[in-house]
Amino acid sequence: MRLSVIGCGYLGAVHAAAMASIGHEVVGIDVDERKIASLSKGDAPFFEPGLQEILSEGLASGRLRFSTDMADAAGAAVHFVGVGTPQQKDGYAADMTYVNAAVDALIPHLAAGDIVAGKSTVPVGTAATLAERVTPTGATLVWNPEFLREGWAVQDTVDPDRLVAGVPAGADGERAADILREVYHPSVAKGTPFIVTDLATAELVKVAANAFLATKISFINAMAEIAEVTGADVTTLADAIGHDARIGRRFLGAGIGFGGGCLPKDIRAFSARAEELGRGESVAFLREIDAINMRRRDRAVDLVVDAFGGSVYKKNITVLGAAFKPHSDDIRDSPALDVAVRLHGLGAWVTVTDPEAIENARRVHPQLNYVEDRDEALRAADAVIVVTEWDEYRRQLDPAHAATLATGRVVVDGRNCLDADAWRAAGWDYRGMGRP
Ligand SMILES: NC(=O)c1ccc[n+]([C@@H]2O[C@H](COP(=O)([O-])OP(=O)(O)OC[C@H]3O[C@@H](n4cnc5c(N)ncnc54)[C@H](O)[C@@H]3O)[C@@H](O)[C@H]2O)c1
């Protein structure tokens with residue numbers, strides 16, 4: 001099938017390349033000329049495992065191309081819209097400027113029978129409003145929310161755990177659902193759940209999923225706060241409650257909390273939208289989820305400061321990690337970088353290392369010292385703090401070796417990902433999150 005993908009960021013670039021990899025003819029469109037130039041040359045503009053390979057293959061096959069000209073979307077049977085929906089600068093609601101601009105630019109190029117499939121995460125009600133503008137062209141607007149996880153985006157796009165299609169009632173909606181089934185044929189053929197629903201439910205599924213995941217993380221971080229004043233160990237607690245199949249162990253890792261380009265802004269936008277709908281109280285708990293999450297960053301900073309008796313002034317602090325999570329170079333609302341910047345603000349000399357995110361981090365926070373080589377970064381450190389649980393730090397960093405490089409012996413485990421016993425045995429003063 002001929003497809004267009006409007007917006008070629010973390011979602012759209014992966015979607016375009018993944019759709020080409022399963023046999024479709026795809027044009028990716030973005031207003032960012034540098035991004036399109038890079039994608040057209042076969043250079044992934046960000047780090048995402050497996051993207052480089054499917055991008056190169058797609059371009060070589062002739063099935064994948066990129067453009068800054070919206071007119072190139074004409075002729076596609078399905079137009080996916082995956083532009084950004086960041087938090088507004090002056091509030092918690094989602095900034096819908098980009099979605100509105102993308103759809104308005106697309107409308108003149110639509111033909112009767114086309115499908116416009118929204119993938120961006122949007123406030124419930126958006127699709128119904130956009131449908132009023134799209135329907136007069138004879139095209140059908142549907143919502144097909146995206147659940148990919150950065151770091152696993154290619155796999156999640158090619159082989160998702162479920163597909164959701166919000167469609168209008170009636171024959172147009174049924175036809176649109178059939179066309180999406182064709183787009184996702186390999187997944188549908190292998191029995192991946194394909195849920196057809198109305199527009200509002202499809203929009204809500206996405207924000208509900210993110211609200212639930214954020215809640216699970218903040219729940220265990222709230223338990224960490226209680227553990228900290230009682231001497232309990234939150235990791236043992238998580239293991240013990242995680243054995244209950246109704247609870248499950250995943251997403252119960254206490255630490256410095258969630259960040260990135262999705263969870264924080266999505267729960268805030270959900271709260272803002274619920275308030276607009278007169279149901280603010282229904283998701284009032286999300287404010288608390290957000291507050292717990294932000295407090296964990298304070299806690300990580302406090303653990304470092306306390307290790308030096310109340311001041312990190314002129315201390316060499318090595319920060320292991322900058323990306324908001326491993327297997328990604330995404331630093332949007334990264335708790336790791338936030339902690340690094342706060343320590344710098346307290347007068348510490350902060351050295352940051354990360355396997356993939358240094359370039360992005362340096363652009364936004366040039367005041368920090370960046371070192372590519374992990375061992376070089378550890379040299380002469382008075383304290384070390386792990387803030388992104390890359391394997392390079394979690395599994396591959398031998399505490400005895402680290403001790404030969406650092407000057408001090410304080411290690412703060414902001415992700416509870418280190419072997420505390422091994423670090424202590426190597427002479428380190430180990431401090432975890434919610435752990436004695
Ligand atoms: N990144 C994720 O893991 C993820 C997962 C699921 C859903 N989402 C949602 O997908 C959407 C996109 O997220 P992202 O992380 O890819 O953002 P991003 O910032 O990486 O990419 C957005 C892209 O849209 C482009 N754009 C903006 N206006 C445009 C226009 N008028 N026409 C064409 N292109 C335009 C930008 O130049 C940018 O390249 C958001 O709503 C997000 O919440 C993201």
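The basis for the numbers below is simple: all heavy atoms, side chains too, and nothing from hydrogens, waters or symmetry mates. Both counts, for ligands and for their atoms, begin at 1 and track the order of listing. Throughout, numbering of the chain's residues begins at 1 and tracks the sequence. Everything numeric in this text was worked out from a predicted model, so none of it was measured.
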Is the shortest distance from a heavy atom of Arg149 to ligand 1 less than 4.0 Å? no

Mark the output for Cys262 as yes if a heavy-atom distance to ligand 1 is under 4.0 Å, and as no if none is. yes

Check for me whether Arg162 meets the cation-pi criterion with Phe147, that is, NZ or CZ under 6.0 Å from the six-membered ring centre and within 45 degrees of the ring axis. yes

Using heavy-atom distances only, which candidate in [options] approaches [atom] most closely?
atom                    : options                      : answer
atom 28 (N) of ligand 1 : Phe147, Tyr98, Trp152        : Tyr98
atom 7 (C) of ligand 1  : Leu148, Thr121, Leu263, Ile6 : Thr121
atom 38 (C) of ligand 1 : Val81, Asp30, Asp32, Thr68   : Asp30
atom 31 (N) of ligand 1 : Pro45, Gly9, Ala105, Ala102  : Ala102

Distance from [atom] to nearest protein heavy atom, with residue and atom:
atom                    : value
atom 42 (C) of ligand 1 : Lys265 NZ, 3.6 Å
atom 32 (N) of ligand 1 : Val31 CG1, 3.6 Å
atom 41 (O) of ligand 1 : Thr85 OG1, 2.5 Å
atom 19 (O) of ligand 1 : Arg332 NH1, 3.5 Å

Ala101 N/O under 3.5 Å from ligand 1 N/O: no

Ignoring angles and geometry beyond distance, decide whether Lys35 reaches within less than 3.5 Å of ligand 1 through its nitrogen or oxygen atoms. yes

Mode of Val83 contact toward ligand 1 - side chain, backbone, both, neither (heavy atoms, under 4.0 Å): both

Kindly write out the residues that satisfy salt bridge (charged side-chain N to carboxylate O under 4.0 Å, His left out) with Asp375, not counting sequence neighbours, or none if the list is empty. none

Do Thr215 and Ile267 have side chains that get closer than 4.5 Å, going by heavy atoms? no

Residue pair Thr351 / Ile317, side-chain heavy-atom distance below 4.5 Å: no

Working note: Tyr393 + Asp354, criterion side chain to side chain donor-acceptor pair (under 3.5 Å); need CA distance, chi angles, decisive distance, verdict. CA-CA 10 Å; Tyr393 317 137; Asp354 188 286; 5.1 Å; no

Does the ring center of Tyr184 lie less than 6.0 Å from the ring center of Phe194? no

Is a salt bridge present between Arg63 and Glu57, judged by a nitrogen-to-oxygen distance below 4.0 Å? no

